[in-house]
A.B. asks: 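Below you will find the structure I want to go over with you.
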Amino acid sequence: MSNSLKNVTNINKKEFQKDLIGWFEREQRDLPWRKDQDPYKVWVSEIMLQQTRVDTVIPYFNRFISEFPTIEALSNADEEKVLKAWEGLGYYSRVRNLQSAVREVHEQYGGKVPNTPKEISSLKGVGPYTAGAILSIAYGVPEPAVDGNVMRVFSRILSIWDDIAKASSRKVFEEAVRAFISHENPSYFNQALMELGALICTPTSPSCLLCPVREHCHAFEEGTQNELPVKTKAKKQRKVQLAAVVLKDTEGRTVIQKRPSSGLLANLWQFPNVEIHLPVLGDREQLLSNLKEEYEIQCDIGELVGHIEHVFSHLVWNINVYEGTLVEPIKSSDTLKLVDQEEIESFAFPVSHQKMLRQYYKKE
DNA sequence: GACCCGTGGTA
DNA sequence: TTACCAAGGGT
């Protein structure tokens, strides 16, 4: 056993399970993905919930399941529509991986989500947490599903001082879950840990007096609940300067381009823009030369109409936005289009460019 | 292990 | 305003 788990044997496992699961049965929230245990819906919900709040996910989940209700529906869906359904949720590789994996299930597993750790973990976008979540919730398999909640809850219950920001710490908490998980109801056990983390055992000012398992909690006994878990700070975001142009033709249509199929905001659509490495050249000159060289677009760059700051988890965009007009017509392609106000609605944009769309495109 | 990959809410 | 956060995974 890991040295971090020296307190495991001090806790009555059966009593702990009973108190935790009993609380979950009484207090669990009524959430749309809890209406049944359809493995596909459990899967979709778990992908959406990665690093994303429950309140944010709810409307996306309802719309997504309404539009793509089954494995087959999502397998056959147009990628553009799937991305559009994810627009605004962030971490867009999640949905590309999801559709790719769903297609694999459709073709290789006869449309049935696999129920073994090895098979399910081999699917794109399904890591250790998601594998355990689907296996336990959809199939009742007693596998750990260790997310940030579970690490926080168990760091307090067992007084584990490992840094939860380190990837290597996850296995310590998986070991803790394996020591306590209910084999009668792994689904409720795992969900209860996360629900407890979300509602009671919160990051700051946990509600210990309302906690159903405070009698089992070492941190509560020692008064260290506000010092746990240990988590090192994230480093600051890098700043990136951009210049973008809302480029119109003589009929009021606007140029949009598709982002590369990998990296930041992959496959989303945007207004033409360039990263400004050297400010000395000037935004207009760099936009002009980029559009000419990359797309053979001849245009005039007009007024600076505004600027947008957009904060990502790991960087900050500062975008100067210009108006522009096409000098000669362009040819549409898979990655470059001229669209009117109605057509543009069907393309998925990152939030930063949605702001441009609202502020600088729909005028006049 | 370090870094990349989004967004909106909150103290 | 700043910093941190929220049901992680890929490379």
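In what follows, chains carry the letters A, B, and so on, assigned in the order in which the sequence lines appear, proteins first and then strands, with residues in each chain numbered from 1.
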A.B. asks: Taking the same atom, P, in C:dA6 and in B:dC5, what whole-Å distance lies between them?
C.D. replies: 23 Å

A.B. asks: A:Leu49 CG to B:dT7 P: how many Å, rounded?
C.D. replies: 17 Å

A.B. asks: For this output row, return yes or no: ring centroids of A:Phe349 and A:Phe271 closer than 6.0 angstrom.
C.D. replies: yes

A.B. asks: For A:Leu315 and B:dC5, give me the distance from atom CG to atom C1', rounded to whole Å.
C.D. replies: 9 Å

A.B. asks: In terms of side-chain heavy atoms of A:Ser168, which of B:dG6, B:dT7, B:dG1 is nearest?
C.D. replies: B:dG1

A.B. asks: Take A:Lys124 and A:Glu46, find for each the nucleotide of DNA chain C with the closest heavy atom, and name the residue whose nucleotide sits nearer the 5' end.
C.D. replies: A:Glu46

A.B. asks: Taking only the side-chain heavy atoms of A:Lys236 (C-beta and beyond), determine which of C:dA3, B:dC5, B:dT7 contains the nearest atom.
C.D. replies: C:dA3

A.B. asks: Could you please name the option among C:dG8, C:dA6, B:dT7 that lies closest to any side-chain atom of A:Gln50?
C.D. replies: C:dG8

A.B. asks: Please confirm whether A:Arg63 makes a cation-pi placement over A:Tyr60, using NZ or CZ under 6.0 Å from the six-membered ring centre and within 45° of the ring normal.
C.D. replies: yes

A.B. asks: Can you figure out which of B:dC3, C:dC4, B:dG6 approaches the side chain of A:Lys235 most closely?
C.D. replies: B:dC3

A.B. asks: Of the nucleotides C:dG9, C:dC5, B:dG6, which has the atom closest to the A:Pro128 side chain?
C.D. replies: C:dG9

A.B. asks: Remember a base hit wins even if backbone is also touched, and classify A:Trp33 as base, sugar-phosphate or nothing at under 4.0 Å, heavy atoms.
C.D. replies: base

A.B. asks: Report the distance from atom CH2 of A:Trp317 to atom P of B:dT7, rounded to the nearest whole Å.
C.D. replies: 8 Å

A.B. asks: Rounded to the nearest angstrom, tell me the gap between atom CD in A:Gln51 and atom C1' in B:dC5.
C.D. replies: 10 Å

A.B. asks: Between atom CZ in A:Arg238 and atom P in B:dC3, what is the gap in whole Å?
C.D. replies: 12 Å

A.B. asks: A:Ser313 side chain: which of B:dG8, B:dT7, B:dC4 is closest?
C.D. replies: B:dT7

A.B. asks: Just to be sure I understand the rule, does A:Leu89 reach a base, reach only the sugar-phosphate, or reach nothing, if contact means heavy atoms closer than 4.0 Å?
C.D. replies: base

A.B. asks: Considering only side-chain heavy atoms of A:Lys233, which listed nucleotide, C:dG10, C:dC4, B:dG6, is closest?
C.D. replies: C:dC4

A.B. asks: Describe the nucleic acid contact of A:Thr56 in one word from base, sugar-phosphate, nothing, applying a heavy-atom distance below 4.0 Å.
C.D. replies: nothing

A.B. asks: Compare side-chain N and O positions of A:His314 against OP1 and OP2 of B:dC4 and report whether any pair is under 4.0 Å apart.
C.D. replies: no

A.B. asks: Just to be sure I understand the rule, does A:Lys166 reach a base, reach only the sugar-phosphate, or reach nothing, if contact means heavy atoms closer than 4.0 Å?
C.D. replies: nothing

A.B. asks: With nearest nucleotides of DNA chain C determined for A:Arg53 and A:Val146 from heavy-atom distances, which residue corresponds to the more 5′ nucleotide?
C.D. replies: A:Arg53

A.B. asks: Is A:Gly88 touching bases, backbone alone, or none of the nucleic acid, heavy atoms closer than 4.0 Å?
C.D. replies: sugar-phosphate

A.B. asks: Return no unless some side-chain N or O of A:Thr130 is found under 4.0 Å from OP1 or OP2 of C:dG9.
C.D. replies: yes

A.B. asks: For A:Gln270 and A:Arg259, does a side-chain donor sit closer than 3.5 Å to a side-chain acceptor?
C.D. replies: yes

A.B. asks: Give the rounded distance in Å between these two atoms: CG of A:Leu265 and C1' of B:dC5.
C.D. replies: 9 Å

A.B. asks: So A:Arg259, base contact, sugar-phosphate only, or nothing? Heavy-atom distance under 4.0 Å.
C.D. replies: nothing

A.B. asks: With respect to the side chain of A:Pro203, which nucleotide from C:dC5, B:dT7, C:dA3 is positioned closest?
C.D. replies: C:dC5

A.B. asks: Check the distance between C:dC5's P and A:Gln237's CD and give it to me in whole angstrom.
C.D. replies: 13 Å

A.B. asks: Got A:Leu20 and A:Tyr188 here, is their nearest side-chain heavy-atom distance under 4.5 Å?
C.D. replies: no

A.B. asks: For A:Ser346 and A:Glu80, which I'm curious about, is there any donor-acceptor pair between the side chains at under 3.5 Å?
C.D. replies: no

A.B. asks: Would you please confirm or rule out a distance under 4.0 Å between OP1 or OP2 of B:dT7 and any side-chain N or O of A:Tyr60?
C.D. replies: no

A.B. asks: Looking at every strand, decide which applies to A:Val150 at a 4.0 Å heavy-atom threshold: base, sugar-phosphate, or nothing.
C.D. replies: nothing

A.B. asks: For A:Phe220 and A:His218, I'd like to know if the aromatic rings sit close, meaning centre-to-centre distance below 6.0 Å.
C.D. replies: no

A.B. asks: What interatomic distance, in whole Å, is found between P of C:dT11 and the corresponding atom of B:dG6?
C.D. replies: 13 Å

A.B. asks: Name the closest nucleotide to the A:Pro350 side chain, picking from B:dT7, B:dC5, B:dG6.
C.D. replies: B:dT7

A.B. asks: Quick check: on DNA chain B, is the nucleotide nearest A:Ala167 upstream (toward 5') of the one nearest A:Ser352, or the reverse? Name the residue that is more 5'.
C.D. replies: A:Ala167

A.B. asks: Return the value, rounded to whole Å, for the distance between atom CG of A:Asn190 and atom P of C:dG8.
C.D. replies: 13 Å

A.B. asks: Among A:Thr254, A:Leu247, A:Leu326, A:Ile256, which residue satisfies the side chain to side chain contact (heavy atoms under 4.5 Å, CB included) criterion with A:Leu338?
C.D. replies: A:Leu326

A.B. asks: How is A:Arg152 classified with respect to the nucleic acid when contacts are heavy atoms under 4.0 Å: base, sugar-phosphate, or nothing?
C.D. replies: sugar-phosphate

A.B. asks: Does a side-chain N or O of A:His310 approach OP1 or OP2 of B:dG6 to a distance below 4.0 Å, or not?
C.D. replies: no

A.B. asks: Measuring centre to centre across the rings, with the benzene-like ring taken for any Trp, is A:Phe154 within less than 6.0 Å of A:Phe173?
C.D. replies: no

A.B. asks: With respect to the side chain of A:Val351, which nucleotide from B:dG6, B:dG9, B:dT7 is positioned closest?
C.D. replies: B:dT7

